[in-house]
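Read the structure below first, then the notes.
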Amino acid sequence: MPHFLDLSDAGGDAIAAMINDAQDRKAARQAWPKGRPDADAPLAGHVLGMIFEKNSTRTRVSFDIAMRQLGGTALILDSGTSQLGRGESIADTARVLSRMVDAIMIRTDDHAKALEMAHHATVPVINGLTDRSHPCQIVADLLTMIEHGKALPGLELAWLGDGNNVLHSILEAAALMKFNVRIGAPKGYEPEPEFVEMARAGGAHVTLTEDADEAVAGADIVVTDTWVSMGQEHVHDKLAAMAPFQVSNRLMGLAKPDAKFLHCLPAHVGEEVTEDVFESDQSVVFDEAENRIHAQKSVLLWCFDKI
Ligand code: CP
Ligand code: NVA
């Protein structure tokens, strides 16, 4: 059963194929109404069940629209209104949903729950964000970088701020797609070492520094994310520690002149990024958000063995 819980489930060749397919499908439907199915409607009749234990705007809407564009439909279960919220087990939920839908997407606070869902499901399970990783986001990010003229092998990506779930998936992508990551993060907020080791084992050059200038110098891509992820405490000390890593015009000036700024959104403008960077020509955050649709169509097609 092809589950998409992390980027390694697919591997580098499949991710490259997903990005190509996403570009082709995106180009083929320019200016079409957003809910109109692609000409081949490859998932006609298919239903995606989406479980949300955390808030979402982009993941929720983009998966729904992705399914419509592939000819299928999607439905949402949130923990507040489903029996999951009253303690029905992941195992039983997985077995019930497998009888009713063709694939499951889960956004949860605990990666172990996504693994358990996949273990008990007999349909593909997709990770729509956990505390550990956010692989669908990174397929969209890779597509966005390529669309903006960046070749992935050898690319220098600078990450500033919290060593979180999004950075973990970037490190996994670095291993698979052979680009380099310079992480500027305060002490105590580095990514999990296993992701750094994974990237290095895959041949990526990864540097960890507490000096934001050093992290961003000469970068092709500058990325950040919220300093306080969903489910984390809003700790004053953390915000103070993060302050030197705010993406500002001064820091962007140290990156390559044609560097692009990415952020998975939602953004906290004035915290992890200044308004002038967020609104600048270097910022491609809304292309990145739109690309969640195009990237997820490829993820879904991969799960159904159509890529
Ligand atoms: N980037 C992202 O996953 O956004 P949502 O939390 O709105 O889904
Ligand atoms: N790191 C953020 C990403 C949100 C899309 C979080 O987990 O809240």
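When a ligand or atom number is given, it counts from 1 through the structure's own listing order. A quick note: this is a predicted structure, and the numbers were derived from the prediction, not measured. Values below: every heavy atom of this structure, side chains too, minus hydrogens, waters and symmetry copies.
- Regarding atom 6 (O) of ligand 1, its nearest protein heavy-atom neighbour is Arg107 NH1, 2.8 Å.
- Taking 4.0 Å as the cut-off between side-chain N and carboxylate O, Asp21 and Lys306 do not count as a salt-bridged pair.
- When atom types are taken as modelled, the side chain of Gln282 and the backbone of Ala259 share a donor-acceptor pair closer than 3.5 angstrom.
- At most 12 non-hydrogen atoms from other residues, nucleotides or ligands lie less than 6.0 angstrom from CG of Asn55.
- For Arg25 (side chain) and His294 (main-chain N/O), no donor-acceptor pair under 3.5 Å exists by modelled atom type.
- The nearest heavy-atom contact from the protein to atom 4 (O) of ligand 1 is Arg58 NE, 2.8 Å.
- Close approach to Cys264 involves these atoms of ligand 1, each under 4.0 Å from a residue heavy atom: 1 (N).
- Closest protein heavy atom to atom 2 (C) of ligand 1: Arg292 NH1, 3.3 Å.
- Which parts of ligand 1 touch Thr57 is read off a 4.0 Å heavy-atom cut-off, strictly below it: atoms 5 (P), 7 (O), 8 (O).
- Sorted by first and then second residue, the ring-ring contact (aromatic ring centres under 6.0 Å, His included) pairs with a member in residues 159-202 read His168-Phe195; sequence neighbours excluded.
- The N/O atoms of His134, backbone and side chain alike, include one that comes under 3.5 Å of an N/O atom in ligand 1.
- One finds a salt bridge joining Arg68 and Asp64 here, because a Lys/Arg side-chain nitrogen approaches an Asp/Glu carboxylate oxygen to under 4.0 Å.
- The salt bridge (Lys or Arg N to Asp or Glu O under 4.0 Å) test with Arg132 is passed by exactly one of Asp6, Asp109, Asp110: Asp6.
- Here the side chain of Lys54 pairs no donor or acceptor atom with the backbone of Arg107 at under 3.5 angstrom.
- When heavy-atom distances to ligand 2 are checked against 4.0 Å, the residues falling inside are Leu129, Asn164, Asn165, Asp225, Thr226, Ser229, Met230, Cys264, Leu265, ordered by chain and number.
- Between the Glu288 side chain and the His263 main chain, a donor and an acceptor come within less than 3.5 Å of each other.
- If you number the atoms of ligand 1 from 1 as listed, the ones under 4.0 Å from a heavy atom of Leu265 come out as 1 (N), 2 (C), 4 (O).
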